[in-house]
Structure formats: C-alpha cells, structure tokens
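Working notes, beginning with the structure itself.
Being a predicted model, the structure only gives us computed values, none of them experimental. Side chains included, hydrogens not; waters and symmetry mates left out as well; all remaining heavy atoms used. Within every chain, numbering begins at 1; the chains are lettered A, B, ... in the order of the sequence lines, protein sequences first and strands thereafter.
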2 protein chains.
Amino acid sequence: MPLPHAFTVEPHDHQDCIDTAIDVATQICAERSMRFTKIRQRVLTLIWSGHQPIGAYAILEALKSEYPRAAPPTVYRALDFLIEIGLIHRIESMNAFVGCTHPDERHTGQFLICESCGAAAELDDPSINDAVQRSAGELGFLAQRQMIEVTGLCPDCRPNG
Amino acid sequence: MPLPHAFTVEPHDHQDCIDTAIDVATQICAERSMRFTKIRQRVLTLIWSGHQPIGAYAILEALKSEYPRAAPPTVYRALDFLIEIGLIHRIESMNAFVGCTHPDERHTGQFLICESCGAAAELDDPSINDAVQRSAGELGFLAQRQMIEVTGLCPDCRPNG
DNA sequence: ATTAAATATGTTGCGCCGCAACAAAATTAT
DNA sequence: ATAATTTTGTTGCGGCGCAACATATTTAAT
C-alpha cells in the first residue's frame, strides 16, 4: 500500500501511514544491514504522527516520555539516519522534518506546504525536475540536490474549497 | 547596468555590482518614501561584498567596525527591511542572505548554490515557475511563495570546466 | 565463549540563529 | 516648538544543531 500525500481528497486511516512507513523502513534497513533501533523507530513514528513537519525539539519532548535520557543528539542522530536512507526529509524553510512519501523512488524534495494547517505534501514531478535541470545546465551548473518548498493554501484551507 | 549573476562567464568588476545595488536601493527607497539609512546601506553593501550568501552574524561582525553598538537586532532589522523591499533574499538552506539580482522583476527565489565556492546565482526561469504552479494546481494547492534552492557545482568549480 | 571491532546511545557543553520587549534617539509632520 | 512616527540602542532569551567524549550495545573474529 502506497503512502498517501497530505492532500489526498479522501480522508485516510492515518495509522496505516505510520504502519506502512515503519514497514518500509524495516525492509530497507534489513536489505542494507542497517539497524532500525527502537529509538529510530520511535522517531520515525513521531514524525509520521501527522503530515505536518515537526521540529527536532518537539520530537525530543515526545521522545522523553519513553526515553527520559534522550537529549538533542539522540534526536539528531536518528534524524540523520532517517534522512540518510531517504525515509524523511528536512523542510529547510521550517527547520522541521516530515516523512517521505516516495521512499523507494529517487526523490528530489519537492513540497507543497499549507500555511494554514501546516501540512506538507511531497511531489515528485518530473517536469519541475526537468525545468530545474535544464535551467541549471544552461548556466553550466551541475545540479546535485534540489530543495523546492512551495508555501500556500491546501485544498482544504483555500477559500473556495 | 544590470546586475550580473554569480556565474557569469566573464569576470566582472564587482565594485560595479555593489554600486548598482546601492543605486537601485536608493531609487526604490526614494520612490516609496522609505529611509535608506546608513546602517541599511552598510548592510546591503556587506551582503553585496560577494556573491556568496552571508550570515547575519558575519554581517554583524563586519558592521561593528563602523557601528560598535550594533547588536543582532541591528542587523535583523536591516535584513527585514531589505527583504521587504526585495533587495535581498534569504537562502533558507544556509541561514544566510544574498543580494537580489532581479530587484525590479517579480522574483520567486530560485537559486543555484555552488557547494565548492559558495556562490549563489539567482534564476528567474518562468518554465520552473510554470511547472511548479501547474503541479500545485493539479492538487488543488494555491501556491503563494516558492523557495527553490539547488545545490551543486558551478561552472568554475565543476570537474570538466 | 572471549575478545576485539564496530555501532549506537548517554552526557556535557557550546555556538549560531532569530527575535521579543523596552528605552533612547532621530526624523518627520503639525 | 510640539507631537507623532520611525529608527536605533540595549538587554535578554529561546530554538536549532552539533562537537566531543564517555558508556553501552551489538556484531565479528579468534
């Protein structure tokens, strides 16, 4: 079952999102002989608690209920790990983190972020990617990583539905 | 004279960049009856001291030689002012600021950032903008502001010239 | 099993980023 | 001159992010 993005028209059982994310993570880590530890699981679950990007210190606060000894490095290490294997993304304009809804595909980091409800939907639009690649290429620039963050209003929050 | 972007093929007299940026700023402020104070001038000049985005506290350090009483708010106020009138941009992925090379046009904030030399070139590519708008529209998202930051290697820094 | 190597987590501490809140000064308008 | 507006000075704080070192845990080698 694929992960829905934040702006799916039909409401979804969000627990499925979390479960799927954990399943995918478990599988990826197994394939690569990496350790999907309890802490990493918990951090990923917390990030997937909603479709809104969440800050590291908010994660830390939630984590402390189960791991009273957790400190900032506890969280940042888990975040680094999850980013490294492509399970979460960092939203640069928010200093926050969100679950990746395209964990298998090659992702470039395209996001629509609702200023009203805070939800972030990940895109994977080749036409955007192509336009960026072409424009960069025209200047002789070798593009390696794209950060595209578009703020605005999601379907549920915009005035006319 | 237009402001060159960071990756112009021919080297340029960078003092011209600074002078032009100040001239443009002076004119815009005059038109809008806003005060282009010494501090704001100085901050804009410091930002334009190179094509590399510069952090607020680096600006502060440089500013202190002339304004020993300068403090973080001194800089952030000037930055807010300059951003407000579109003379500089904030690079979200770097927590840094760079001069706007399209101060007259409606700008969306598209940047190519060289990971080697740190220079940032501003784009204003309608095809990127269009692709983003269309993609957002397909999901019913009302796009208001775009943040596009592409990291990679500039022509001078990439392996094969 | 024991030991060694690798990996993950605990702990302390710090530097950078950004701004709120209030006070003082400077500019502009009346 | 006086008042209103705008800018700058000053103090202080909270969030973000990680370096550096210590400890614990897991995995690999003997």
Problem - In one Ile/Leu/Val/Met/Phe/Trp/Tyr side-chain cluster, 4.5 Å: B:Ile113, B:Leu123 - result: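 B:Ile113 and B:Leu123: separate clusters.
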
Check this one for me: any side-chain N or O of [X] less than 4.0 Å away from OP1 or OP2 of [N]?
X: B:Arg69; N: C:dA24; answer: no
X: A:Tyr76; N: D:dG17; answer: yes
X: B:Asn95; N: D:dC16; answer: no
X: B:Arg35; N: D:dT8; answer: no

In whole angstroms, how far is the [atom2] atom of [N] from the [atom1] atom of [X]?
X: B:Lys64; N: D:dT8; atom1: NZ; atom2: C1'; value: 15 Å
X: A:Leu60; N: C:dT9; atom1: CG; atom2: C1'; value: 14 Å
X: A:Ile59; N: D:dG17; atom1: CD1; atom2: P; value: 10 Å
X: B:Arg40; N: C:dT27; atom1: CZ; atom2: P; value: 13 Å
X: A:Glu61; N: D:dG15; atom1: CD; atom2: P; value: 9 Å
X: A:Met34; N: D:dT25; atom1: CE; atom2: C1'; value: 17 Å
X: A:Ile39; N: C:dG10; atom1: CD1; atom2: C1'; value: 9 Å
X: B:Leu79; N: C:dC17; atom1: CG; atom2: P; value: 11 Å

Between the base of [N] and the side chain of [X], is there a donor and acceptor pair under 3.5 angstrom?
X: A:Tyr67; N: C:dG10; value: no
X: A:Tyr57; N: D:dG14; value: no
X: B:Arg77; N: D:dG9; value: yes

Exercise for the section: For the pair A:Phe7 and B:Phe141, name the ring-plane relationship: parallel under 30°, tilted 30 to 60°, perpendicular over 60°. Expected result: parallel

Between [options], which nucleotide gets closest to the side-chain atoms of [X]?
X: A:Pro73; options: C:dT9, C:dC19, D:dC18; value: D:dC18
X: A:Thr37; options: D:dG17, C:dA8, D:dC18; value: C:dA8
X: B:Arg90; options: D:dG17, C:dA8, C:dG18; value: C:dG18

Problem - 5' priority, DNA chain C, between A:Phe81 and A:Pro68 [closest heavy atom] - result: A:Phe81

Exercise for the section: Output yes when a side-chain donor or acceptor of A:Glu149 lies under 3.5 Å from a complementary backbone atom of B:Met147, and no otherwise. Expected result: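 Not at all, since once roles are kept as given, no pair shorter than 3.5 Å links the two residues.
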
Exercise for the section: Have a look at B:Val98 and tell me which of B:Ile91, B:Ile88, B:Ile54 forms a side-chain contact (heavy atoms from CB on, under 4.5 Å) with it. Expected result: B:Ile91

Practice task
Measure the CG-CD1 distance between B:Asp130 and A:Ile128 for me, rounded to the nearest 0.5 Å.
Solution key: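 Output value for this atom pair is 11.0 Å.
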
